[in-house]
Each structure stands twice: as structure tokens, then as C-alpha cells.
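Structure, as C-alpha cells:
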Amino acid sequence: MRQRGFIYGGDYNPEQWLDTPEILKKDIEYMKAAHINEVTLGVFSWSVLEPQEGVYHFEWLKQLIDNLWKNGISVMLSTPSAARPKWLSDAYPEVLRVNEDRTKNLFGGRHNHCYTSPIYREAIYKIDRKLSEEFGNHPAILNWHISNELGGECHCPLCQAAFKKWLKEKYQTIDALNKAWNTTFWSHTYLSFDQVESPSTKGEKMLHGLNLDWERFVTDQTADFVSWEKKAIEDGGSKLPVTINMMYDFRGLNYHKFKDIIDIASWDNYPTWHKEAEEKTALDVAFQHDFIRSLLKKPFLLMESSPTATNWQSVSKLRRPGILSVSSLQAIAHGADSVQYFQIRQSRGASEKFHGAVIDHYGGMDTRVFKEVTAVGSELIKLSEIAGSETKARVAILHDCESRWAMEDSQGPRNKGLHYEDTLKKVYHGLRRLGLNVDILDMEEELDGYDLVFAPMLYLFRSQIETKIRNYVAEGGTFVMTYWSGIVNETDLCHLGGTPHDLMDVFGLRSTELDALYDKDENSGKSTGVFFSEDKTYTCKYFCDLIKTSTAKPLLTYESDFYKGLPAMTVNTYEKGTAYYICADFEGCFYDDLCEKLAKEKNLIHIPFAIPEGISVNTRENDTKVFLFIQNFREEAFVVTMHGTKWKLLMGAETGIVSQYETAVYWMEK
Ligand code: GAL
């Protein structure tokens with residue numbers, strides 16, 4: 001991207017205002033006043049760009065882009081595939097999506113198309129290519145934004161045929177598929193690929209291998225659609241980077257599969273601030289920022305966020321003064337190179353007319369929101385030298401989408417809640433309270449280069465993760481894994497011969513049985529005095545793994561039930577490294593203590609002060625400098641003490657006071 005400094009702007013829908021040029025003129029004036037230097041155009045413009053099949057009207061867009069550019073405002077240009085014009089579905093009903101129950105949707109909404117349909121693909125190819133020919137080399141355009149929040153699945157005959165083909169390529173023979181899915185269970189053996197259909201609650205939903213492969217197929221088909229759009233752009237002559245805007249904790253797609261297609265990762269962030277403790281929301285958002293940043297391991301874009309309330313959450317609570325700044329700069333702290341809003345100007349009608357916007361229906365600059373937006377713009381200018389800098393992490397958490405799909409579909413051992421996300425967040429919290437940057441990886445990534453890797457509930461093993469873990473520990477790494485790991489293979493068949501699969505020697509144990517606890521049940525793990533001090537006891541809930549050790553040493557033992565005295569946490573030395581095994585779902589303070597101990601052992605903590613709850617600390621670095629962000633998500637002010645350190649103040653109070661919702665930024669020569 002050619003932008004210098006941070007990108008500041010967001011979704012702009014001028015096609016809704018083409019008959020009021022005075023408003024479009026004002027918009028530019030307002031953008032400049034708010035330090036906005038970018039807008040995202042064209043997300044939902046198809047019916048204006050191509051009002052009839054083959055009739056293209058790009059003049060209005062050209063005029064707009066030229067004018068924006070003249071005023072120093074760049075553009076992310078979107079392809080319009082997320083919502084198509086009515087003429088298209090009327091003329092070609094095959095483009096309409098078919099639901100899991102095999103009913104066909106009517107025209108309406110958005111994201112309501114079939115990704116397989118050759119007609120849809122052809123229509124989008126034509127317009128994307130034309131957009132690229134027309135604008136792909138315009139100096140205003142920073143990058144392409146393909147579609148919008150891709151998601152959902154289609155079960156139409158075209159998708160069924162594509163799924164069968166996908167399966168045939170994967171398994172080659174129907175016998176191999178039957179084995180991989182264990183179809184003799186309930187006598188569901190297939191005689192040919194033609195007999196296989198996508199899962200449906202009206203039909204087959206009990207073959208876990210089928211469900212998993214269908215989710216993989218949906219991801220692949222969607223990724224293929226994105227590649228197709230990218231090809232149209234390239235065929236049109238543009239070589240600008242492309243991105244897709246991803247969504248919060250979205251389970252419908254494995255986003256890792258898009259990382260070879262996109263050049264920049266981006267996501268849309270709509271936290272429910274003020275719903276629960278701010279620090280809890282902040283931690284949740286932080287995890288998502290790190291997940292998105294880790295996809296390409298380089299700066300990402302905050303593609304959308306609301307300048308104030310949204311309108312689609314159950315309660316549209318206004319953002320309290322200050323939240324906009326702290327939440328925008330949180331993205332920057334975690335490695336974003338942009339702050340972008342949905343939306344610049346609020347729509348007059350339809351379903352988003354009450355969604356927060358930079359310019360509201362009143363239409364003045366003297367609103368609370370506009371003033372805060374302007375203040376964030378000034379803050380970004382102040383921090384501009386940080387743009388493009390990297391986030392370096394020496395610790396990682398494994399969080400694999402396919403494993404999660406399988407785990408959530410597993411039926412047993414705890415259908416009323418695996419508490420997987422909570423477990424992830426407990427580990428993440430333990431690391432973040434030490435001011436550590438954290439990478440979130442899936443199983444296809446390499447583990448080399450990290451000092452410490454955590455794998456909570458790594459249920460399904462794929463991509464030779466067992467070999468990677470073995471090699472990582474053998475080479476001196478410290479690996480922490482929990483109960484319910486290494487249970488099934490890639491096609492969701494249970495591993496035979498003991499678990500964690502192929503790692504029993506690395507961890508020095510075998511998991512013999514997993515006890516699932518009712519919500520009211522509790523057990524606890526008491527320290528053996530070898531690792532934690534002797535007086536330490538940690539409560540656990542939901543899961544207690546009963547293990548048989550070979551070479552592992554117990555660090556905690558269960559305090560009650562028939563397995564009282566059995567290990568609840570162990571350590572094992574394997575070649576040059578160390579493998580920890582956590583047997584139960586322990587309370588948060590267990591992970592806080594564990595992370596602190598391991599981080600100290602590995603000499604990972606470099607923040608010169610203790611970080612209390614509600615204070616968030618991150619670093620970014622470029623070739624010459626390290627930047628330190630300190631953000632306050634709690635009520636009480638925090639006082640940063642940097643005496644005797646090399647850190648110098650870049651943003652914030654000289655006194656070191658960081659009040660609620662404030663951000664202080666320091667820097668240091670490398
Ligand atoms: C996003 C979407 C935008 C807008 C926004 C409202 O999910 O990409 O187009 O609808 O939500 O919050």
C-alpha cells in the first residue's frame with residue numbers, strides 16, 4: 001500500500017446520495033476536518049454500477065474517486081459481489097442460495113448467492129474486470145477489498161456436484177471415503193460418490209467425517225470464489241494488494257485457508273462495550289486482533305468498527321466518551337495499520353439507518369461523535385511513524401479451526417459446553433498480563449522460533465502436528481498441552497493405541513479416561529511443591545483427565561473424588577525440551593501463575609513495571625525503534641513509572657498518568 005502513516009476512514013456509500021451533490025461536497029469537507037484520508041467504496045454498489053445486464057455506469061464513481069484524490073483521500077475499492085442486483089437473480093435464479101433443508105432463497109438481503117454458480121461467477125468476473133480496467137491503476141486506489149464478510153453455504157445441485165467432485169479428488173475411491181468416515185456405523189455405507197449429499201438436519205448429520213469435510217469444502221469453495229475475483233482484477237490489469245474483511249470469531253470459514261490468496265488481512269470489529277467489565281471485552285477483542293495479525297504475521301487493517309453504537313446488537317448502547325480512542329488505538333497497538341469505520345455517512349433509510357456513523361442525520365461537525373472521530377484522527381497523525389512496524393511474538397497459542405469444528409460436533413464428553421473459548425482466553429490472559437505479544441497459530445504453521453507454545457484442547461491432529469510438537473520439544477522448546485488433545489485424526493476417527501496420539505513419550509503419560517463434570521461439580525489440584533509452592537491449590541471444573549504416567553512428574557494432584565492423589569498436571573523432559581500436561585480445566589489464576597513462571601524461566605518479560613488487571617501493554621517495532629503501548633480499560637488511573645529506563649514518551653501525559661480509556665505510547669532506540 002502506498003499510504004504513509006496510518007489509514008483513517010471507512011465505508012462510504014455515496015451511491016445513496018448521488019442526487020444530492022451538496023451532501024457529497026460536504027462529505028469531503030467533513031472528512032478533511034476529521035483527518036480522514038481513506039474511504040472504502042463500492043461495497044454495495046452493483047445495481048448502480050451495472051443497472052442492467054451489460055450496461056455499466058462508472059462515470060459517477062470515476063468523478064468521485066478523482067475528487068477524493070484531489071482532496072488527498074485514498075480509496076479501497078470493493079468488488080460488489082456481496083449483494084447483487086435484482087435483475088441478476090430474476091434472469092438467472094441459479095445464483096440464489098439453497099438452504100440446508102434444500103429450500104431456495106428469494107431475492108433479498110446480501111451474501112445470498114451461490115459461490116459455485118458459473119453464471120454468478122461470470123457476472124462478477126465481468127464487472128470486477130471492468131472495475132480493474134477502469135480504476136486498477138488510479139493513483140487513489142490503495143488496494144482491493146474483495147466482496148464483504150464472506151460467509152454462509154449453499155446446498156444447490158451445483159454445490160452438491162462440486163462437493164462430490166471435491167470428495168472424489170480427496171479420497172479417490174468410495175471405499176477410502178467409507179473408511180475415513182466410518183460409514184458402516186448405522187449402515188450408511190455409500191456405493192458411489194454420486195450418493196453423497198451435503199449434511200442436513202433433515203437427513204445425514206451423524207457422520208462426523210462428512211460434517212467436517214463439508215465445512216472444509218465450504219471454505220475451499222469460498223476461497224476459490226475469492227481467487228476467482230482476484231483473477232478478474234488481475235486480468236483487468238491491476239496488481240494492487242487484495243484483502244477480505246473477516247469477522248469476529250467466525251466459525252463458518254477457516255480463515256487460514258485464505259492467507260495465500262490475500263495480501264493483507266483485515267477484520268470488522270464490533271465489540272459490545274459497556275456490556276460487561278471493560279477489561280473482559282478488551283481481552284476478547286485483543287485476542288481477535290492477534291488472531292487476524294497472526295494470519296499473515298504482518299500489519300493488518302481494522303476494516304470496520306462503529307464510531308458509536310451499532311444497530312444490530314440487542315441493545316445499541318452509546319460508546320462512552322473515550323472508548324472510541326482506546327478501542328481504535330487498541331487495534332494499532334496489536335499491529336493494525338488502519339482505523340476504519342462503518343460508516344462515514346449514515347443512511348437515510350433501510351436496515352442500517354440507525355447505525356452509528358461519522359456524519360449522522362443531523363449532518364453537522366459539532367456532534368460528540370464527530371469530535372471524537374476528529375480526535376482519533378489527530379492521535380493517529382501523532383503516531384504515524386509507527387505505521388508499518390511489526391509485532392514480534394515469542395509465545396504462541398495453537399487454535400485450529402478444523403479441530404474446533406470437530407470438537408464442537410463430537411457428541412460427548414460434555415455436550416452442554418466444552419468451555420474451549422474460555423480456556424483459550426485463560427491462557428491468553430495469563431500471557432497478556434505480562435505484556436507479552438502473542439501469536440495465534442493453526443496446525444499448518446511451524447512452531448520453530450517460539451520460546452513457549454500452548455495448545456489448549458487440541459482435539460484433532462492434522463498437518464503432522466504431532467511431529468512438529470515432538471521436534472519442537474526435542475529441540476529445546478517448552479510446550480504446554482491440555483486434556484482432550486490428540487484424540488481424533490484428520491477425518492475425525494478416534495486414534496487407537498492411546499492418546500495424546502503419538503506424543504505419549506513426549507509427555508511421558510497416557511490419558512486413560514476423561515471425567516466430565518456437571519456445572520455444579522468442582523475438584524482441585526494441589527501442588528506437589530516441585531513447580532508451584534507447596535501451599536498452592538487450584539480449583540478445576542468441567543473436565544478432569546485421568547492419566548497414567550510413565551516418565552512424567554506430577555506437579556499437581558487431584559484432591560478429591562475416586563482419583564484423589566492422581567496427577568492433575570505433569571511435566572516431562574523430552575530430549576532438550578520440556579512438555580507440560582494440564583489434566584483439568586483450571587481456574588484463571590492457575591494459568592496466570594503458570595504463564596508467569598514459564599515466561600520468567602524463558603526470560604520473556606521486558607516490561608519495566610507490573611501490569612495490573614485492566615491495563616493492556618503491547619509492543620511494535622521497526623528497524624530502529626520499539627514502541628510500547630499502555631492502555632487503560634479500567635476505572636482507576638494507572639501511573640506508568642519509567643524512571644531509570646530508556647523509554648521516551650511519544651503520546652500521553654508527562655506525569656505518567658494514564659486515565660480510564662487513555663493510551664500512552666513510549667518508544668526506545670533498538
Ligand atoms: C458489517 C458489514 C457492514 C455493516 C456493518 C454494520 O458486518 O460488513 O456492511 O453492515 O456490519 O455494523
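All of these numbers come straight from a predicted model, not from anything done at the bench. Counting starts at 1 for both ligands and their atoms, following the listed order. In this chain, residues are counted from 1 in sequence order.
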Suppose I only count heavy atoms of W312 and a 4.0 Å limit; which atoms of ligand 1 are within that range? 6 (C), 12 (O)

Pick one of side chain, backbone, both or neither for how M247 approaches ligand 1, counting any non-hydrogen atom pair under 4.0 Å. neither

Using a strict cut-off of less than 4.0 Å between a Lys/Arg side-chain nitrogen and an Asp/Glu carboxylate oxygen, indicate whether K26 and E22 qualify as a salt bridge. no

Between Q313 and ligand 1, which residue portion shows a heavy-atom distance shorter than 4.0 Å: side chain, backbone, both, or neither? neither

Are side-chain N/O atoms of E38 and Y12 paired as donor and acceptor at under 3.5 Å? no

For ligand 1, which part of V43 has a heavy atom less than 4.0 Å away: the side chain, the backbone, both, or neither? neither

Do H155 and S198 meet the criterion of a side-chain donor-acceptor pair at a distance under 3.5 Å? yes

So, W144 and E229: side-chain donor and acceptor under 3.5 Å apart, yes or no? no

In ligand 1, the atoms that come under 4.0 Å of a heavy atom of F44 are 9 (O)

Could you go step by step and tell me if I7 and N37 meet the side chain to side chain contact (heavy atoms under 4.5 Å, CB included) rule? CA-CA 6 Å; I7 293 167; N37 58 25; 4.2 Å; yes

Ligand 1 to N148, heavy atom cutoff 4.0 Å, flagged ligand atoms 2 (C), 8 (O), 9 (O)

Using a strict 4.0 Å threshold on nitrogen-to-oxygen distance, state whether R293 and D337 make a salt bridge. no

Does D249 pair with R251 as a salt bridge, N-O distance under 4.0 Å? yes

F342 heavy atoms within 4.0 Å reach ligand 1 at atoms 3 (C), 4 (C), 5 (C), 6 (C), 9 (O)

E278 versus Y661, side-chain donor and acceptor atoms under 3.5 Å: yes

Taking atom 9 (O) of ligand 1 as the reference point, the nearest protein heavy atom with its distance: R110 NH1, 3.0 Å

Side chain, backbone, both or neither: the part of Q343 lying under 4.0 Å from ligand 1 by heavy atom: neither

Among protein heavy atoms, which sits nearest to atom 4 (C) of ligand 1, and what does the distance come to when rounded to 0.1 Å? E352 OE2, 3.2 Å

What residue and atom, counting heavy atoms only, is the protein's closest point to atom 3 (C) of ligand 1, and at what distance? E304 OE1, 3.2 Å

For the residue pair Y8 and H35, is the inter-centroid distance of their aromatic rings smaller than 6.0 Å? no

Could you tell me, atom by atom, which parts of ligand 1 come under 4.0 Å of a heavy atom of E149? 1 (C), 2 (C), 7 (O), 8 (O)

May I ask you to check whether S81 and S147 show a side-chain donor-acceptor distance below 3.5 Å? yes

Proximal atoms of ligand 1 relative to H355 (non-hydrogen, under 4.0 Å): 6 (C), 12 (O)

Taking non-hydrogen atoms only, is D268 closer than 4.0 angstrom to ligand 1 via side chain, backbone, both or neither? side chain

Less than 3.5 Å between some nitrogen or oxygen of T310 and one of ligand 1, yes or no? no

